[in-house]
K.L.:
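Starting off with a structure, shown below.
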Amino acid sequence: MSNGSEAAEVLERIGAERALGMYTKLVEIRRFEERIHFLFLEGNVPGTVHQYIGQEACAVGVCSALSEGDVIASTHRPHGHAIARGLPMRSIAAELYGRATGTARGKGGSMHLGDLSKGMLPAIATVGDNIPIVAGVALAFRLRHEPRVAVSFFGDGAANEGAFHEGLNCAAVYNLPAVFVCENNLYGASTSIQKVVKVENIADRAASYGMRSDIGDGMDVFDVYERASNAIGAARGNGGPTLLELKTFRYSGHSRRDPNNYMAKEEKSYWKARDPIALCEAALSKCGFLKPKLAAEIQASVAKEVDEAIEFALQSPFPEEQELYDGLYTSIEVPR
Ligand SMILES: Cc1ncc(C[n+]2csc(CCOP(=O)(O)OP(=O)(O)O)c2C)c(N)n1
Ligand SMILES: [Mg+2]
């Protein structure tokens with residue numbers, strides 16, 4: 001948000017309840033990810049995890065602007081999107097632990113979180129590959145005359161994949177109700193964006209598809225919310241898709257196995273000084289929506305929710321051996 005009076009106006013429009021809900025979601029993602037960090041180091045979470053700390057405002061700002069029937073698709077870094085979209089934290093934790101109570105009955109793990117009943121496709125970890133799928137979902141909404149919007153979340157690295165070009169071009173040509181959210185955290189694994197992208201903004205690429213674009217502050221949840229609301233509103237109103245680039249930063253390594261020694265100290269401290277939770281707290285306090293007592297209550301209730309989610313996961317059974325192949329093949333007879 002560029003200046004104080006504009007920020008106050010935006011918060012007035014959003015209202016206390018929704019704004020505090022967004023703050024709570026930011027805290028939920030942060031506390032969940034912090035716990036997962038330690039649990040992973042204890043060796044109990046199978047595979048690896050790609051953590052979302054630092055990028056919380058992107059998922060929360062966009063998902064807060066969605067309606068119930070809308071659908072999102074995520075990537076190898078889906079914990080924040082899943083929490084922001086309203087998947088129960090306990091089912092997310094159980095999935096990370098490979099338990100039968102998880103979102104994919106424990107057979108997907110961290111990189112395949114999703115629940116269609118909550119409007120989230122199972123996350124797709126192949127970089128860029130949810131982009132054309134989201135175009136397809138949006139096409140289905142269009143063909144069925146349903147006023148629903150499909151949202152793709154992806155990283156800066158995905159914008160160099162062929163799937164990005166195909167998906168955006170298709171969505172633009174058919175004027176589909178989709179929003180393509182590029183979370184530009186400046187790195188694809190250990191590769192700096194400066195080494196692999198010549199244009200200043202990934203959003204600039206929208207021009208080559210004849211698509212609307214916008215650039216938001218991915219550390220400011222209210223800025224993201226405003227811009228996402230515009231893009232989602234346009235998509236729902238038959239105004240076509242938008243490429244929304246959010247400038248953001250991940251605090252941790254690419255995955256939990258990455259020591260993250262390729263980012264300069266100054267770069268990390270620059271972004272941490274614009275921490276999304278601190279920015280949100282400051283804005284909410286300034287306009288009187290958040291007092292220290294309420295902040296402490298929210299923090300305590302989130303800490304309890306995280307504890308309960310982890311406990312639920314640990315108490316849950318592993319899937320039965322005979323379920324191993326369930327869900328791999330359709331039981332529908334396909335005519336040949
Ligand atoms: C097609 C493909 N190539 C490589 C990988 C391995 N890989 C997983 S995540 C990643 C980096 C992705 O960077 P970005 O799109 O910027 O997302 P971020 O990790 O920053 O959220 C790579 C190379 C993959 N999963 N899929
Ligand atoms: Mg990236």
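Since this is a predicted model, take the numbers as computed values, not measurements. Remember, it's 1-based here, ligands and their atoms both numbered in the order they're listed.
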K.L.:
Should you measure from each heavy atom of Gly157, which atoms of ligand 1 turn up under 4.0 Å away?
P.N.:
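That gives atoms 14 (P), 15 (O), 16 (O) of ligand 1.
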
K.L.:
Around atom 3 (N) of ligand 1, find the nearest protein heavy atom and jot down its residue, atom name and distance.
P.N.:
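Of every protein heavy atom, Glu161 OE2, 4.2 Å lies nearest to atom 3 (N) of ligand 1.
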
K.L.:
Of all heavy-atom pairs between Ala228 and Gly61, which one has the smallest distance, and what is that distance?
P.N.:
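Smallest heavy-atom distance, with atoms named: CB-O, 4.3 Å.
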
K.L.:
Dump the intermediate steps for salt bridge (charged side-chain N to carboxylate O under 4.0 Å, His left out) on Arg148 and Asp70, then the final yes or no.
P.N.:
CA-CA 5 Å; Arg148 301 164 74 185; Asp70 297 337; 5.7 Å; no

K.L.:
Any cation-pi pair here, Arg99 with Phe318, using under 6.0 Å and within 45°?
P.N.:
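Relative to the ring axis of Phe318, which defines the angle, Arg99 lies inside both limits.
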
K.L.:
Could you tell me whether the Mg ion (ligand 2) has an N, O or S atom of Tyr187 under 2.8 Å away?
P.N.:
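Yes, since at least one N, O or S atom of Tyr187 sits under 2.8 Å from the Mg ion (ligand 2).
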
K.L.:
Atom 6 (C) of ligand 1: which protein heavy atom is closest, and how many Å away?
P.N.:
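The closest one turns out to be Val127 CG2, 4.5 Å.
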
K.L.:
With heavy atoms of Gly155 as the reference, note each atom of ligand 1 found under 4.0 Å away.
P.N.:
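The list of qualifying atoms is 14 (P), 15 (O), 16 (O), 17 (O).
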
K.L.:
Let me see the working for Tyr52 and Phe32 under ring-ring contact (aromatic ring centres under 6.0 Å, His included), right down to the final yes or no.
P.N.:
CA-CA 10 Å; Tyr52 201 65; Phe32 181 78; over 10 Å; no

K.L.:
Could you tell me, atom by atom, which parts of ligand 1 come under 4.0 Å of a heavy atom of Asn185?
P.N.:
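So the atoms of ligand 1 that pass are 18 (P), 20 (O), 21 (O).
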
K.L.:
So, for Tyr251 and Trp271, which heavy atoms are closest and what is the spacing to 0.1 Å?
P.N.:
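It is OH-O, 3.9 Å.
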
K.L.:
Would you mind checking which non-hydrogen protein atom is closest to atom 13 (O) of ligand 1, with the distance to 0.1 Å?
P.N.:
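Residue, atom and distance for the closest contact: Gly188 CA, 3.3 Å.
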
K.L.:
For atom 19 (O) of ligand 1, which candidate among Gln55, Gln51, His76 provides the closest heavy atom?
P.N.:
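It is His76 whose heavy atom sits nearest to atom 19 (O) of ligand 1.
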
K.L.:
Report whether Leu26 and Ile36 are members of the same hydrophobic cluster (ILVMFWY, side-chain heavy atoms less than 4.5 Å apart, transitive linking).
P.N.:
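Yes, same cluster.
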
K.L.:
For the pair Glu245 and Lys247, find out whether any cationic side-chain nitrogen is under 4.0 Å from an anionic carboxylate oxygen.
P.N.:
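Salt bridge between Glu245 and Lys247, a charged N being under 4.0 Å from a carboxylate O: yes.
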
K.L.:
Enumerate the atoms of ligand 1 whose separation from the nearest heavy atom of Ala158 is less than 4.0 angstrom.
P.N.:
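It comes down to these atoms of ligand 1: 15 (O).
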
K.L.:
Check whether any protein heavy atom sits under 4.0 Å from atom 23 (C) of ligand 1.
P.N.:
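There is no protein heavy atom less than 4.0 Å from atom 23 (C) of ligand 1.
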
K.L.:
Once rounded to the nearest 0.5 Å, what's the spacing between atom CD of Glu56 and atom CD of Glu33?
P.N.:
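Between atom CD of Glu56 and atom CD of Glu33 there are 8.0 Å.
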
K.L.:
Minimum distance, heavy atoms only, to atom 25 (N) of ligand 1: which one of Ser255, Gly128, Ala163, Ala125 is it?
P.N.:
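That would be Ala125.
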
K.L.:
Within the 4.5 Å heavy-atom criterion, are Asn184 and Ile193 side-chain neighbours or not?
P.N.:
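A side-chain contact exists here, since the closest heavy-atom pair is under 4.5 Å.
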
K.L.:
Test of understanding: given a 4.0 Å heavy-atom threshold, classify the contact between Tyr187 and ligand 1 as side chain, backbone, both, or neither.
P.N.:
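For Tyr187, only backbone atoms sit under 4.0 Å from ligand 1.
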
K.L.:
Look at the aromatic rings of Phe180 and Phe154 and report parallel, tilted or perpendicular, splitting at 30° and 60°.
P.N.:
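Tilted, since the angle between the ring planes falls between 30° and 60°.
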
K.L.:
Can you name the atoms of ligand 1, numbered from 1 with element, that are less than 4.0 Å from a heavy atom of Arg77?
P.N.:
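Heavy-atom distances to Arg77 below 4.0 Å select 18 (P), 19 (O), 21 (O).
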
K.L.:
Does the protein put a heavy atom under 4.0 Å from atom 11 (C) of ligand 1?
P.N.:
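It does; a protein heavy atom is within 4.0 Å.
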
K.L.:
Counting each atom of ligand 1 from 1 as listed, which ones have a heavy atom of His254 under 4.0 Å away?
P.N.:
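Counting atoms of ligand 1 from 1, those under 4.0 Å from His254 are 9 (S), 10 (C), 11 (C), 19 (O).
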
K.L.:
Of all the N, O or S atoms in Asp156, which has the shortest distance to the Mg ion (ligand 2)?
P.N.:
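Nearest N/O/S atom: OD1.
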
